[in-house]
Amino acid sequence: MRYCAGFLILTLLIPSPIAAQSSATADGIRALARGDAAAAARILQPLAEGSEPDPLAQFFLATMYDIGSGVMSNFWRACGLYQKSATRTNPLASQAILLSDVIRRAGPNISALCTKASVKVWREPSPVKFVLGSDHWIATNASGFTIGHGRTERTVPTGWGGLEWEFLPTRYTRLEVTKPAGMVRHFIEFWFWIPNDLDTPTAWSLMWSVYEVTKADAQMVAASDVTYVIGSQPPTTYQVQAVGRLQVNADGDVERAVFGSNAHISVIPYRGAP
């Protein structure tokens, strides 16, 4: 039912809000109307999440999360955005209420998450671009990864972000290895703090997720919490290499080393063609 409702909104109601908009929101809606969902996500997300959010941008971004268009499907994320967008200045406020109610009826846990998502702040890593080599680059954005490799450019949808999460700067690590062959391996690292409680946090876990880039693809190869801090707020700066690092071992392979009380080392096998 959610999918049908979402597609009806996109196909039948897009022209009306475009006519009423003169801002960047209209550019995002036009991108969605012409089928460029990745561009729509890049345009609409900062408009929906900014200090003065646009309810119409919130609504269309919610629909994209609802049907998994241009972004990874996330129903409770969609529900929160629908509810935030249901203001008197939004010409689609009644549709937003209807669609959020449809998601809420999926169960009490979903309904509770919808309520949290409608009042808490959703955060994602800041967009960034890294040059990996000649004619090889990767960028993060609202849709996930966009990767350029030679004449190929593709988007790899990736779900990331969460309520009240705090992201540290995204890192790019380049390692020269000899196993399984002499080559350069490329890794994108995300470091972020997750609160133990959304309403009154007293501790924060530091999460470390690692993606490997091979040609025009990116896959998550490792993810876990590595440490924690006590307090109502996490550190705004942190020396992450003191608790975890990617490195080349004596065998010439890549390993993920975690330090401290949870110390352990694991090899990251190469999944591409040498």
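In this chain, residues are counted from 1 in sequence order. The model shown is predicted, which means the values in this text are computed figures rather than measured ones.
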Evaluate side-chain contact (heavy atoms from CB on, under 4.5 Å) for Asp217 paired with Arg154, printing each intermediate quantity in order.
-> CA-CA 8 Å; Asp217 193 24; Arg154 65 186 291 254; 3.3 Å; yes
Before giving the answer on side-chain contact (heavy atoms from CB on, under 4.5 Å), spell out for Arg271 and Thr214 the whole-Å C-alpha distance, their side-chain angles and the decisive distance to 0.1 Å.
-> CA-CA 8 Å; Arg271 302 181 183 185; Thr214 55; over 6 Å; no
For salt bridge (Lys or Arg N to Asp or Glu O under 4.0 Å), just list the numbers for Arg185 and Asp253, CA-CA rounded to whole Å, side-chain angles, deciding distance to a tenth of an Å, and then say yes or no.
-> CA-CA 10 Å; Arg185 295 177 65 180; Asp253 212 340; 3.2 Å; yes
Under the side-chain contact (heavy atoms from CB on, under 4.5 Å) criterion, do Leu92 and Phe60 qualify, and how do the steps go?
-> CA-CA 10 Å; Leu92 301 179; Phe60 279 97; 3.9 Å; yes
Go through the steps for Tyr82 and Thr63 under the test side-chain contact (heavy atoms from CB on, under 4.5 Å), then give the verdict.
-> CA-CA 8 Å; Tyr82 280 137; Thr63 305; 3.4 Å; yes
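Residue pairs meeting the ring pair (Phe, Tyr, Trp, His ring centres under 6.0 Å) criterion with at least one partner in residues 217-251, sequence neighbours excluded, are Trp193-Tyr238.
One distance of note links CG of Asn90 with CD of Gln95; it measures 8.0 Å at 0.5 Å rounding. To the nearest 0.5 Å, atom OG1 of residue Thr155 and atom CD of residue Glu153 are 7.0 Å apart. In this structure, CD on Gln233 lies 9.0 Å from CD on Glu164, to the nearest 0.5 angstrom. Of the inter-residue distances, the one linking Ile147 atom CD1 with Lys215 atom NZ reads 13.0 Å to the nearest 0.5 angstrom. Atom CG of Asp101 is separated from atom SG of Cys79 by 8.0 Å, given to the nearest 0.5 angstrom. Taking CZ of Arg123 as the start and CZ of Phe192 as the end, the distance is 13.5 Å to the nearest 0.5 Å.
Of all non-hydrogen atoms in Ile43 and Ala24, the two that sit nearest each other are CG2-O, 3.5 Å. Between Ala86 and Ile97, the shortest heavy-atom distance links the atoms CB-CG1, 3.7 Å. Heavy-atom minimum distance, Ala78 versus Ile103: CB-CD1, 4.2 Å. When all heavy atoms of Leu113 and Trp76 are compared, the pair lying nearest together is CB-CB, 3.9 Å. Considering every non-hydrogen atom in both Trp208 and Arg245, the closest pair reads CH2-N, 3.3 Å. Closest non-hydrogen pair, Val119 versus Lys84, comes out as N-CE, 4.3 Å.
In the hydrophobic clustering of ILVMFWY residues, with side-chain heavy atoms under 4.5 Å counting as a link, Ile138 and Val128 come out together. There is a path of hydrophobic side-chain contacts, each under 4.5 Å, that joins Val156 to Phe190. Leu246 and Tyr211 are not part of a single hydrophobic cluster, where members link through side-chain heavy atoms under 4.5 Å apart. Hydrophobic clustering (side-chain heavy atoms under 4.5 Å, transitive across Ile, Leu, Val, Met, Phe, Trp, Tyr) keeps Met64 apart from Trp122. Put simply, Val177 and Val221 are part of the same group of oily side chains (I, L, V, M, F, W, Y) that touch within less than 4.5 Å, one to the next.
With sequence neighbours excluded, the residues satisfying salt bridge (Lys or Arg N to Asp or Glu O under 4.0 Å) with Asp199 are Lys116, Lys120. Every residue two or more places apart in sequence or in another chain that forms a side-chain contact (heavy atoms from CB on, under 4.5 Å) with His186 is listed here: Leu132, His136, Tyr172, Arg174, Val184, Val213.
Looking at Trp204, its side chain does come within 3.5 Å of a backbone N or O of Gly231 through a donor-acceptor pair. Checked by atom type and distance alone, the side chain of Glu255 never pairs as donor or acceptor with a backbone atom of Ser266 at under 3.5 Å. The closest donor-acceptor contact from the side chain of Asn141 to the backbone of Arg42 lies at 3.5 Å or more, if one exists at all. Side chain of Ser143 to main chain of Gly70: a donor-acceptor pair is present (N/O by atom type, distance under 3.5 Å, no hydrogens or angles). In this structure, the side chain of Thr146 does not engage the main chain of Ala139 through any donor-acceptor pair within 3.5 Å.
Considering only heavy atoms from C-beta on, Leu168 stays 4.5 Å or farther from Glu189 through its side chain. Between Pro235 and Val229, some side-chain heavy-atom pair lies under the 4.5 Å cut-off. The shortest distance between side-chain heavy atoms of Gln45 and Glu124 falls below 4.5 Å. Contact annotation: the side chain of Pro195 approaches that of Trp165 to within less than 4.5 Å [non-hydrogen atoms, C-beta and beyond].
Between Glu212 and Arg256, no side-chain nitrogen of the basic residue sits less than 4.0 Å from a carboxylate oxygen of the acidic one, so the salt-bridge criterion is not met.
When only modelled atom types and interatomic distance are considered, Asn196 and Thr202 share a side-chain donor-acceptor pair under 3.5 Å.
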